[in-house]
Amino acid sequence: MKIPEYFGCMVFDDREMKLRLPVEAYERMRKTIEDGRSLDISLANIVAEAMKDWAVERGATHFTHWFQPMTGVTAEKHDAFINPTSDGGVLLEFSGKELVSGESDASSFPSGGLRATFEARGYTAWDPTSYAFIKEKTLCIPTAFCSYGGEALDKKTPLLRSMEALNRQTMRVLKLFGNEDVTSTKACVGPEQEYFLIDRAMFEKRCDLIYTGRTLFGAKPPKRQELSDHYYGIIKPRVAAYMEEVDRELWKLGVSAKTEHNEAAPAQHELAPIFTKTNIACDHNQLTMEVMQRVAKKHGMICLLHEKPFANVSGSGKHNNWSIQTNTGVNLFKPGDTPAENAQFLLFLCAVIQAVDDYADLLRLSVASPSNDHRLGSHEAPPAVVSIFLGTELEEILDAIEKDVPYNAQAQEPLRLGVHTLPKLPRDNTDRNRTSPFAFTGNKFEFRMLGSSDSIACTNIMLNTAVAESLRLYADELEAAEDFDTALHALIRRTVSEHKRIIFSGNGYDEAWVKEATEVRGLPNYPSTPDCVPELTAEKNLALFAQHKIYTPVEAASRRDVILDNYCKVIHIEALTMIDMVRRDILPAISRFSGKLAESGRVKHEFCAIANIDYEFDTVAKLSELAYSIMQQTDLLDKTLEELGGEKDIIALAHAYRARVFAAMEKLRTFVDEAETLTDTADWPYPTYGDLMFSVK
Ligand code: ADP
Ligand code: MG
């Protein structure tokens, strides 16, 4: 079948609705989707019936409200369509009520104390702007998830709230520029997804990968990404077959997977879809991660989404390409042809600059996780300090506006918005900078701090809300102004002057930058998750959330606690896995091999008194010393875990996990990795880094 024929065949999209709904119902449904209104029950009944018939024709037997709890993955509880009839048979039924809302005992999902188990009911509600789809014989209805009291328990609800907030403020600003034809705007995202593919048989021999998604031990292989021969390299046949099937499966689900290529590290790859509305992009990215993992298994491989599966090898991120588009098809970050268009462009640019400067803490914490902590700031991903890259030309223009001087040698007069035509603005941003956390790339912003396994929801909640706030302040100021052009010019000038500290176009991997950023520019630096996550409930941030109705203080605090609790648990599991591996596999292997060496040295010496047994002797000595250190460090780790059991304050506990448990794990690892380099491969209990990264042909 040709691609256009099967693209979206598993989605109850606009085409299907048009085909299957009575004309009047279809029109009402479309209006509901466009205006973001809620669905009334009479319409819901009609839509549910049509949806069920469509799904059953495609082999579906069950339906589920598909939602995104705070764990970051998706959740689903399947119900069969069957309803008993009085004569002992069944009918396949699906009511409007079942479509629009569901109730589930959700006490096992993290809620950060929002929902005690005695009031464990959670409610799901359809987000009709995201189409229903069929996955594995189940009709999935994308839903939001909240508590009995209406508090959001998921990532979708605040994301939708933030999109609304951004639209509200963007519309105010657009009106000031006279855009009468625009009736709504949408934040759009194209997330580029990185991942590793390894052989399934190798994976299954490593309990660290199985339990934690990353290798907790592993000596450096002789070759990693040094030769840059993997990036954009020829795709191996097994990987190509995999990518082909991933594309096909995603296209059936209406996900427009577009670009596939090899990434920097061996066994690392990337998939990028065509950008779309943020809530849909978020749903699609969750589906993409799921499909990538499922298809890999079919091909005898495992898709690793962890940010840092291998120490000392480039990790995986997810670049969040973001822009605001109007319903008339205009991208507000695309420089225009006329002075008015460019003045508008510059104002939106300023809104982002100010948002990133004022809420750098929120952007930083939106990507915080124990796994992403390995990546940020380790010279392979952006530093933990947030800054913006604009490119030389834009920077020069902003500079000229701020200083009230001519833009370049040819220009005679200072640049004044609304009076002059701005110099031609760069359309295609050629001076690419891969080390910036937040880069303007010609007509969109690329936020590169997000981790590969994370949901894109949190980042976009923060980004949308922070930009909504700059725009709100601008709209307030400009609406009250006597002369729009003068006020606009002054506003842009002032914003550049107040927020230029966040603009940085140099090398973000450079040590000197972190020093300059923090010491000279005063930018915040949060190296780890426990450092930044408590900022979620900082006063200025709670005020922002309240202003735009994103989180109540209780919701914000619950999210903070969920992230920190998860942080502690992940590290705890990693530590236990290490202890288990050391005591049951690694120390016995070292002992076994040392025994063999000692025995062979003894035999050699007995056979020939002058035989040199330095190798055997020295290695046994070194290994026994290492084994001793490994044993001691493991005992220390074990003891530390026990001691932390009494800590009740979640922020203090997270700090302790980082300072004590994580640090002890790192130290333990160095001893084990050294022992690996001295031990016979046949005796080492796990596949090596080389085996893992070069096994897929
Ligand atoms: P790269 O950054 O690797 O050069 P592209 O320019 O092709 O790649 O874009 C990467 C991602 O950015 C894709 O998912 C693409 O759809 C998305 N993208 C492109 N333009 C926009 C835009 N205006 N808004 C949001 N995302 C966009
Ligand atoms: Mg990119």
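One-based numbering, in listed order, for ligands and for the atoms of each.
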*Does an N or O anywhere in Ser323 fall below 3.5 Å from an N or O of ligand 1?*
yes

*Out of Ala272, Pro273, Ser256, Ala281, who gets a non-hydrogen atom closest to atom 14 (O) of ligand 1?*
Pro273

*Gln325 heavy atoms, cut-off 4.0 Å: which ligand 1 atoms fall inside?*
23 (N)

*asked:* Once rounded to the nearest 0.5 Å, what's the spacing between atom CG of Leu463 and atom CZ of Phe447?
replied: 8.0 Å

*Nearest 0.5 Å please: distance from the CG atom of Leu471 over to the CG atom of Leu347.*
7.0 Å

*Return yes or no for this condition: an N or O of Phe275 is under 3.5 Å from an N or O of ligand 1.*
yes

_Distance under 4.0 Å to a non-hydrogen atom of Asn331: what atoms of ligand 1 satisfy this?_
23 (N)

*May I ask you to check whether Trp322 has an N/O atom sitting below 3.5 Å from an N/O atom of ligand 1?*
no

*Would Lys156 and Asp283 pass as an ion pair if we require N to O under 4.0 Å?*
yes

*asked:* Give the atom numbers and elements of ligand 1 that come within less than 4.0 Å of a heavy atom of Ile274.
replied: 16 (O)

*For ligand 1, which part of Glu192 has a heavy atom less than 4.0 Å away: the side chain, the backbone, both, or neither?*
side chain

*Electrostatic pair Arg501:Asp357 at N-O distance under 4.0 angstrom*: yes

_Residues which pass ring pair (Phe, Tyr, Trp, His ring centres under 6.0 Å) with Phe310, listed by chain and number, not counting sequence neighbours_ = Phe196, Tyr689

*Under 30°, 30 to 60°, or over 60°: which ring-plane class applies to Phe333 and Trp322, parallel, tilted or perpendicular?*
tilted

*Under 30°, 30 to 60°, or over 60°: which ring-plane class applies to Phe145 and Phe67, parallel, tilted or perpendicular?*
tilted

*Location of contacts on Thr259 toward ligand 1, heavy atoms closer than 4.0 Å*: neither

*Using a 4.0 Å heavy-atom cut-off, say whether Glu446 meets ligand 1 through its side chain, its backbone, both or neither.*
side chain

